[in-house]
Protein chains: 2
Amino acid sequence: MDSISPAEWSVLRIIWTEKHVTARRLIALVSSQHAWSASTVKTLLARLRTKGYVRTLRSDATTSQSPRAWVYEATMSESSVINAQTSDFFSHICAMHQGPALIHLVQTVPLSQKNIRDLQKILEKRAASAPSSVPCDCECGCAQTAETGTNEATQTDEVTSHA
Amino acid sequence: MDSISPAEWSVLRIIWTEKHVTARRLIALVSSQHAWSASTVKTLLARLRTKGYVRTLRSDATTSQSPRAWVYEATMSESSVINAQTSDFFSHICAMHQGPALIHLVQTVPLSQKNIRDLQKILEKRAASAPSSVPCDCECGCAQTAETGTNEATQTDEVTSHA
DNA sequence: CACATTCGTCTACACTTGTCATCGTGGTTA
DNA sequence: TAACCACGATGACAAGTGTAGACGAATGTG
């Protein structure tokens with residue numbers, strides 16, 4: 001699973017939304033958000049292709065002024081890529097802090113009524129078998145099993161010192 | 001807020017866990033996870049310092065064989081850095097898909113009983129004012145408010161072909 | 001059948017990241 | 001005090017990323 005750079009995300013998002021886009025249209029759409037030259041977008045497109053995230057198809061309908069207009073489409077669903085990248089990102093974080101990170105997200109990410117209901121359902125299920133605490137997995141000899149306190153501010157001198 | 005590379009995360013995690021570490025000890029701890037040379041760790045340390053994530057202090061106690069043993073410590077709390085980086089990561093994702101991404105995380109991330117209770121409390125609160133749906137914010141003219149409907153492939157077709 | 005247009009590819013360059021060797025300096029030890 | 005050693009700094013180099021110009025091939029137009 002190749003990593004996706006921020007610039008590549010911008011392009012990929014558009015492809016997912018449009019489902020099928022020509023380079024021409026893609027460049028136009030991107031330019032409403034970034035002051036990138038057409039070449040830049042093409043480069044990103046090429047890189048996304050070598051990474052396997054997009055592929056091209058011939059457009060049967062050769063729209064007037066677009067000779068050999070190829071059409072780009074994503075090879076994977078938006079959700080699956082997002083899930084994979086998100087999990088990958090979380091893998092950098094100590095297990096003990098993933099829960100709190102999630103709490104932060106749940107407080108800040110835009111959620112719909114349905115999202116909330118889904119989350120509640122999952123939490124209810126997970127509550128049945130959740131451990132009382134998640135130990136640190138930093139593999140540096142630390143035996144911390146913290147976060148039992150109200151806001152992990154117990155032994156966390158560090159937490160208080162945040163700039 | 002500078003980005004933190006995967007290699008830098010490894011080092012930073014150890015510093016947070018240890019609170020105060022000498023280069024010597026840090027290198028020893030890192031080597032239990034990665035086959036990096038001492039130089040590599042020092043470089044990462046230096047980069048983390050220029051990025052402002054760690055700083056050095058003199059160790060008053062000059063432990064026998066460690067002359068001028070500096071001690072590294074994090075300048076920011078682990079939680080605040082994690083939250084900032086996590087939010088930054090989510091900013092690449094279309095608003096409409098952030099909820100689902102969160103659902104995926106809540107299903108896979110290790111959670112303690114307390115984490116779950118906290119999450120439930122927050123969700124309950126948020127449910128009071130959550131919108132019925134979160135619209136796409138890909139800024140590419142899409143008016144999708146999906147995740148309720150199954151096929152939003154209505155006007156997409158026309159949009160694609162008009163070049 | 002030339003021509004302009006447009007497309008994808010190639011090349012480029014600065015900067016970041018992964019990875020490491022070397023060096024100067026200043027305390028430790030004999 | 002002389003030899004030594006660890007520490008941080010500097011330099012290095014390949015690969016990835018942000019950004020873009022130039023080029024050759026395909027194609028509709030006159």
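Throughout, protein chains are lettered first and strands after them, A, B, ... in sequence-line order, and every chain is numbered starting at 1. Basis for what follows: all heavy atoms, side chains included, without hydrogens, waters or symmetry-related copies.
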Q | Base versus backbone protein contacts along nucleotides 10-15 of chain C [heavy-atom cut-off under 4.0 Å; B, S, -] | A | --B---
Q: Not counting sequence neighbours, which residues clear salt bridge (charged side-chain N to carboxylate O under 4.0 Å, His left out) with B/Lys51? List them please.
A: B/Glu8
Q: Starting from P on D/dG18, measure out to NZ on A/Lys42 and report it in whole angstrom.
A: 19 Å
(Q) For A/Arg55, give me all partners under salt bridge (charged side-chain N to carboxylate O under 4.0 Å, His left out), at least two apart in sequence or on another chain. (A) A/Glu73
Q | Closest listed nucleotide, where the reference is the side chain of A/Thr40 and the choices are D/dA20, D/dT17, C/dC7 | A | D/dA20
Q) Partners of B/Ala95 by side chain to side chain contact (heavy atoms under 4.5 Å, CB included), sequence neighbours excluded? A) A/Pro110, B/Val134, B/Asp137
Q) If every non-hydrogen atom of B/Ser77 is compared with every non-hydrogen atom of B/Trp16, which pair is closest and at what distance? A) C-NE1, 3.7 Å
Q: Take B/Lys51 and B/Val41, find for each the nucleotide of DNA chain C with the closest heavy atom, and name the residue whose nucleotide sits nearer the 5' end.
A: B/Lys51
Q) In residues 82-92 of chain A, what residues come within less than 4.0 Å of DNA chain D, judged by heavy atoms? A) none
**Q.** Nearest to side-chain heavy atoms of A/Arg24, which nucleotide of C/dC7, D/dG8, D/dG18
**A.** C/dC7
Q | Partner set under side chain to side chain contact (heavy atoms under 4.5 Å, CB included) for A/Met76, not counting sequence neighbours | A | A/Tyr53, A/Ser80, A/Val81
Q: Would you mind listing every side chain to side chain donor-acceptor pair (under 3.5 Å) that reaches into residues 98-108 of chain A, with sequence neighbours excluded?
A: none
Q: Could you pull out all residues at least two apart from B/Thr56 that satisfy side chain to side chain contact (heavy atoms under 4.5 Å, CB included)?
A: B/Arg49, B/Trp70, B/Tyr72
Q: Using the test salt bridge (charged side-chain N to carboxylate O under 4.0 Å, His left out), find all partners of A/Glu78 that sit at least two apart in sequence or belong to another chain.
A: none
